[in-house]
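The structure appears right after this line, and notes come after that.
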Amino acid sequence: MTDIEQLEASILDDIHAAADEAALESVRVATLGKQGSVSALLKTLGAMSPDERRTRGAAINALKDRVGLAIADRKAVLKDAALDARLARETVDITLPVRPGPLAEGRIHPVSQVIDEITAIFTDMGFSVAEGPDIETDHYNFTALNFPPDHPAREMHDTFFLKPKQDGSRLLLRTHTSPVQVRTMEREKPPIRIIAPGRTYRCDSDATHTPMFHQVEGLVIDETTHFGHLKWVLEEFLKAFFEVDEVKTRFRPSFFPFTEPSMEVDVGCKRSGSEIRIGEGDDWLEILGCGMVHPNVIRSAGLDPDRYQGFAFGMGIDRIAMLKYGMPDLRAFFDADVRWLRHYGFRPLDLPSLYGGLTS
Ligand code: DAH
């Protein structure tokens, strides 16, 4: 064996013994590097005769090429092996059950659920969702809604007032969601179709009243909307919400300063004991207030009542939640009792939709 063959055999052994890319790099430096064994052989050429240099030179350069190739081959093998090892290490067993975490434990409050259900139904009919502040001015809560100064309807609202400001004016906690009607008409050009779910406040507390409660307001304003549209929208809503094929409704004359005519709507139901079933029976249950928007309200929001008209309605969310899900005491809604929430709450990923089912 020549010295070149011997060197080559030992280098190839080292290359194959290299277990990872770092070890292979050390072999490369020890052979082809500046101080490496193959480079050292090349340096001996300078002291040789021209003939010897030609044959030795060719042999050493061929060795250098073969070593380079062997290192490249080994490198490719090691790279593949490293990738395989990583893929094996990082596999995820997708057949394992999902670990129970916050999504399995937490529950959506029935009020949030019912707001999502109402939103799904009305957005399907082309409504969008509007908002207004909980802290309101007397103007938006009363005056712009056509409550005359000192009118008894103001008293009926049992308003929570904030401390008077220096000019004597007082902010208040909105007593209904109707101020959002005015704010929306000021902001948007008709046609307007909105619902406004949100918190409302009145100084009142018993099994069916809490100082903070929830309402949803509805408002449609354009040039031709009439009472027939209002009736259709409400009946479609009631059928979808209570998940029944038919509902009976009864419109009774009533009074609200911001609508003319004003009505209260009863829905047909059947009572047995404490249970109430919507869509059956010959009894009636009052469910919401509504009417055609008063021209004064349209005017105070900056629109022309000779051109624009429409309807509005307002409904208690907590009450229809109690009705639909059979919860007897409103106060429990706001006790933050986890046992109650576990019983009446909804799973976070079961979002209500008309195609997937409101309460699947
Ligand atoms: N704002 C009324 C209340 O809180 C409910 C209401 C009645 C709203 C009739 C309306 C409506 O938009 O047209 O008692």
Side-chain angles (χ1 to χ4, degrees), residues 109-119 121-122 127-147 151-163 170-187 194-219 234 237 241 254-259 262-265 285-291 293-294 297 300-301 311-325 327 329-336:
H109 195 284
V111 170
S112 303
Q113 166 78 17
V114 165
I115 291 177
D116 287 348
E117 291 178 22
I118 293 171
T119 305
I121 296 168
F122 278 105
F127 285 67
S128 49
V129 176
E131 281 183 324
D134 287 17
I135 299 176
E136 262 302 2
T137 59
D138 182 271
H139 172 76
Y140 283 112
N141 198 79
F142 293 123
T143 310
L145 288 166
N146 197 36
F147 284 76
H151 192 278
R154 288 182 184 238
E155 317 285 82
M156 274 161 51
H157 277 213
D158 295 317
T159 313
F160 287 114
F161 287 99
L162 276 68
K163 283 206 187 97
R170 286 192 293 182
L171 291 171
L172 49 87
L173 298 182
R174 68 178 178 188
T175 59
H176 51 176
T177 42
S178 303
V180 186
Q181 288 188 30
V182 181
R183 289 182 175 274
T184 305
M185 283 189 274
E186 283 180 347
R187 208 176 41 229
I194 57 113
I195 55 163
R199 288 171 214 245
T200 46
Y201 307 83
R202 287 183 204 180
C203 187
D204 205 353
S205 187
D206 59 36
T208 53
H209 296 90
T210 49
M212 190 281 292
F213 57 107
H214 298 83
Q215 284 189 342
V216 58
E217 194 77 12
L219 176 71
L234 292 178
F237 165 73
F241 181 75
S254 183
F255 173 78
F256 302 105
F258 35 91
T259 42
S262 301
M263 281 140 292
E264 265 160 334
V265 180
L285 180 78
E286 184 189 322
I287 198 124
L288 58 90
C290 64
V293 180
H294 198 292
V297 177
S300 65
F311 64 76
F313 59 87
M315 186 165 49
I317 291 178
D318 315 276
R319 221 169 89 79
I320 62 166
M322 289 167 80
L323 260 174
K324 181 166 178 179
Y325 293 113
M327 296 170 287
D329 191 337
L330 178 63
R331 287 168 296 198
F333 276 46
F334 311 115
D335 279 348

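Numbers here simply count residues along the sequence, with the first being 1.
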Problem set entry | Short side-chain to backbone donor-acceptor contact, R199 and R174, under 3.5 Å | no
Exercise. Say you draw a straight line from OG of S178 to OH of Y140; how long is it, rounded to the nearest 0.5 Å?
Worked result: 14.5 Å
Exercise. Taking the side chain from N146 and the backbone from V297, do they hold a donor-acceptor pair closer than 3.5 Å?
Worked result: no
Problem set entry | Donor-acceptor under 3.5 Å (Q215 side chain, T177 main chain) | yes
For this session: Can you label the angle between the F237 ring and the F122 ring as parallel, tilted or perpendicular, going by 30° and 60°?
Result: parallel
Exercise. Under a 4.5 Å cut-off applied to non-hydrogen side-chain atoms, are R319 and L285 in contact?
Worked result: yes
Exercise. Any donor and acceptor pair, going by atom type alone, linking the side chain of H157 with main-chain N or O of R202 inside 3.5 Å?
Worked result: no
For this session: Kindly say whether I194 contributes a backbone atom to a donor-acceptor pair with the side chain of S128 at under 3.5 angstrom?
Result: no
Problem set entry | Greater than 12 external heavy atoms within 6.0 Å of E131's CD | no
For this session: Report the residues that fulfil salt bridge (charged side-chain N to carboxylate O under 4.0 Å, His left out) with D335, sequence neighbours left out, ordered by chain and then residue number.
Result: none
Seminar exercise, completed: Across all chains, not counting sequence neighbours, the salt bridge (charged side-chain N to carboxylate O under 4.0 Å, His left out) partners of D138 are R154
Exercise. Given side chains that start at C-beta, do those of F334 and D318 come closer than 4.5 Å, heavy atoms only?
Worked result: yes
Problem set entry | Short side-chain to backbone donor-acceptor contact, H109 and F333, under 3.5 Å | yes
